[in-house]
Structure formats: C-alpha cells, structure tokens
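Below: the structure, in structure tokens.
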Amino acid sequence: MSRIAEHAPGLSAILWDVDGTLAETERDGHRIAFNQAFEALRVPWRWDERRYGELLEVTGGRERLLHDMRDQPEAPRAAEDREALAALVHALKNERYARIVASGALPLRPGVLELMDDCAREGLRMGVVTTTSRINVGALLTPHLGAAWESAFAVVVTAQEAPRKKPDPQAYHQALERLGLPAAAALAIEDSPAGVAAARAAGVPVLVTRSVYFASRPVPGALAVGPSLASRAGWQPPAAAGGAAPDRIDLAQIRQWHARAAAYDVPSGSA
Ligand code: XBP
Ligand code: MG
C-alpha cells in the first residue's frame with residue numbers, strides 16, 4: 001500500500017447527482033414538461049429528443065432555454081423580455097414536471113434503491129448534489145422514498161443553495177462543508193461530463209452510470225464508468241466478480257473503487 005493510501009480517508013459519504021443518475025429525467029421528464037409548457041403558453045417551440053440532447057450542453061433548465069432562444073427567430077429581442085419569458089416557461093415546466101413524476105411514472109434507475117438500502121444498512125451518509133431546482137428533487141423522490149425523503153440524506157444541495165451550476169464545483173464544495181468531510185472521503189455518482197467535471201474540480205472521486213444522453217461521451221477523470229448500478233458487466237475498470245450482490249454494484253464494490261481512488265489519486269483519463 002502506498003503512503004497516500006495509508007493516510008487517505010475511507011469512504012464516509014455517497015453524493016448522488018439527480019438528473020440522469022437517479023432517473024432518466026431529462027428525456028422522459030424535463031424535455032416533455034418543457035414542451036407542455038411551450039404549448040400551454042402558445043410558444044411555438046418544441047424540443048425533440050435530438051435537439052434536447054444538444055441543449056444539455058447547457059446546464060440549468062432556464063439557462064438552457066435562454067441559450068436556445070438565440071436560434072429562435074420568434075424569440076423576444078430585448079434581453080429583459082427573454083429573461084421574463086424564460087422565467088415564465090421554466091416555472092410552468094417545473095409544475096408540469098412535478099405532475100409527470102408525481103404518479104411515479106418515472107422510475108428510479110435500476111440499482112439505485114438497492115445501493116441506497118446498502119448505505120442505510122451500513123450507516124453510510126448520503127447526500128444529493130444537483131443543479132436542478134429543489135422542488136424537482138422532492139417531486140421525483142417522494143413517490144419512491146416517501147414524503148420524508150429528505151431524511152434519507154445528510155445533505156441536499158440544489159440550484160437554490162448553489163446557483164453556480166455544474167461544471168462549477170460550488171454544489172460539491174457546499175455539500176462537503178456541510179458534511180464536514182474532506183473531498184477524498186466522499187464519492188460522487190454522476191452521469192454527465194459536466195457533473196464529473198464539477199465533482200473532480202472539488203476533488204471528489206466520481207463514478208459514472210451512463211444515461212441515455214451521455215451514453216458514449218468520454219468522461220475523463222472518472223474513477224469508474226459503467227452502464228448501470230444494476231449490472232456488474234460493462235464497467236471500466238471491471239467490477240469484481242461475485243460478492244454478496246453478484247448482479248449489481250453494491251456498497252462493497254463502491255468501497256473497493258474508492259480505495260483505488262485513494263491509492264492512485266484518480267489519474268485523469270483513467271476510465
Ligand atoms: C441537470 C440539469 C438541470 C435539469 C433541469 O442537473 O442541468 O438543469 O436539466 O432542471 P443534475 P431545472 O444532473 O445536476 O441533476 O429546470 O430545475 O434547471
Ligand atoms: Mg446528471
């Protein structure tokens with residue numbers, strides 16, 4: 001064991017990204033809700049799956065809309081009118097998003113609840129670190145974790161608390177501060193290059209579960225990259241065979257990868 005590993009902290013918290021990581025909320029939630037808001041407000045724009053994928057380069061739903069307005073000839077000319085329209089559409093989008101997810105129609109990704117249960121059983125703290133609005137996190141998690149969903153997490157940092165959105169590391173810095181942990185004692189689970197960049201900029205080792213929109217994008221700096229928490233196949237570096245939960249990524253496997261981060265200090269481009 002290297003000197004770094006001997007003095008490195010063990011794993012003390014898992015920090016969950018929300019959109020794309022907990023559920024496929026972008027394609028099946030936010031995108032559809034945006035289109036419903038456009039229609040309700042008689043705004044003549046619609047985002048198909050491909051266009052929305054392009055727009056995901058811009059984090060933050062309101063910011064994404066303002067960005068798209070640059071290519072829309074019908075968009076208001078004055079900056080303050082664009083801001084006002086973006087705020088209106090965004091608020092209605094969030095209402096529609098809440099309706100879509102309230103029924104539980106948007107399932108959590110396979111393996112997410114099982115890993116959360118591992119953490120609860122072993123008393124490992126969890127946090128939520130997201131660039132989405134706080135109201136959206138509650139709307140998504142209530143059907144799956146119940147009205148007291150927040151009690152499952154030691155810290156919840158959203159766009160309200162950290163307005164500088166990923167890839168800015170502000171949300172991760174805040175989470176670490178509130179948990180009282182050094183970055184190396186946490187592990188982030190993310191799906192997007194912006195999320196990975198945010199975690200790494202804060203020094204947090206990060207695992208990537210690929211979502212539909214970022215299925216083949218390079219994610220330099222990730223500790224491990226794989227298709228799903230519900231599969232041990234397809235991970236790079238490979239997940240160990242066997243274990244107590246041979247069919248999924250369990251906390252024991254996460255601890256193994258995290259220990260590797262401590263030993264090697266996550267060389268960038270390793271996965
Ligand atoms: C993803 C985002 C968010 C959502 C939409 O956040 O960039 O902006 O697309 O949510 P993360 P809002 O992956 O960090 O969860 O409309 O509330 O911004
Ligand atoms: Mg995400």
Side-chain angles (χ1 to χ4, degrees), residues 14-38 47 49 51-69 83 85-101 106 108-109 112 126-141 149 153 155-175 188-202 204 206-215 217 219 222 225-226 228-229:
I14 285 186
L15 303 177
W16 292 94
D17 168 50
V18 174
D19 294 304
T21 298
L22 293 183
E24 287 288 0
T25 49
E26 298 292 12
R27 185 190 59 189
D28 304 334
H30 293 295
R31 184 185 69 87
I32 289 167
F34 266 117
N35 285 335
Q36 290 178 0
F38 291 144
W47 288 340
E49 283 187 32
R51 177 66 183 146
Y52 194 71
E54 291 167 3
L55 290 170
L56 282 179
E57 292 303 316
V58 181
T59 51
R62 202 182 55 83
E63 293 83 347
R64 191 169 298 142
L65 179 53
L66 281 167
H67 176 85
D68 189 54
M69 281 189 207
E83 289 282 351
L85 179 60
L88 193 67
V89 172
H90 190 238
L92 186 57
K93 182 278 286 183
N94 282 349
E95 266 181 54
R96 296 302 169 108
Y97 176 81
R99 278 195 216 171
I100 292 169
V101 296
L106 237 170
L108 296 186
R109 291 184 61 185
V112 166
M126 296 192 295
V128 167
V129 179
T130 173
T131 270
T132 199
S133 315
R134 193 174 189 92
I135 193 172
N136 295 337
V137 184
L140 175 69
L141 289 181
W149 66 270
F153 302 99
V155 63
V156 176
V157 182
T158 71
Q160 264 66 40
E161 296 79 22
R164 295 207 301 273
K165 302 191 171 176
K166 298 173 187 175
D168 191 290
Q170 185 182 39
Y172 278 103
H173 283 311
Q174 275 191 30
I189 306 183
E190 283 278 358
D191 70 305
S192 70
V196 173
R200 293 302 297 134
V204 178
V206 51
L207 202 84
V208 172
T209 51
R210 288 192 178 281
S211 57
V212 285
Y213 276 122
F214 302 107
R217 289 282 295 277
V219 274
V225 180
S228 163
L229 290 174

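Indexing begins at 1, ligand by ligand and atom by atom, following the structure's order. All of these numbers come straight from a predicted model, not from anything done at the bench.
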Fill in the blank from the handout: For the Mg ion (ligand 2), protein N, O or S atoms at a distance below 2.8 Å amount to 3
Handout entry: Proximal candidate to atom 10 (O) of ligand 1 [heavy atom criterion; set Thr132, Thr21, Val157]
Key = Thr132
Exercise for the section: May I ask you to check whether Lys165 has an N/O atom sitting below 3.5 Å from an N/O atom of ligand 1? Expected result: no
Handout entry: Salt bridge present between Glu57 and Arg217 (N-O < 4.0 angstrom)
Key = yes
Problem - Any side-chain heavy-atom pair of Tyr213 and Glu24 under 4.5 Å - result: no
Problem - Any N/O pair Asp19/ligand 1 closer than 3.5 Å - result: yes
Problem - Test item, Gly60 contacting ligand 1 (heavy atom, 4.0 angstrom) - result: yes
Handout entry: Where ligand 1 meets Val18 - atom numbers and elements under 4.0 angstrom, heavy-atom basis
Key = 15 (O)
Completion exercise
Min over Lys93, Gln160, His30 of heavy-atom distance to atom 16 (O) of ligand 1 lands on Lys93
Handout entry: Atoms in ligand 1 flagged as close to His90, the criterion being non-hydrogen separation under 4.0 Å
Key = 12 (P), 16 (O), 17 (O), 18 (O)
Practice task
For ligand 1, find out whether one of its N or O atoms is nearer than 3.5 Å to an N or O atom of Phe34.
Solution key: no
Practice task
Between Glu190 and ligand 1, find which residue part has any heavy-atom pair under 4.0 Å and reply side chain, backbone, both or neither.
Solution key: neither
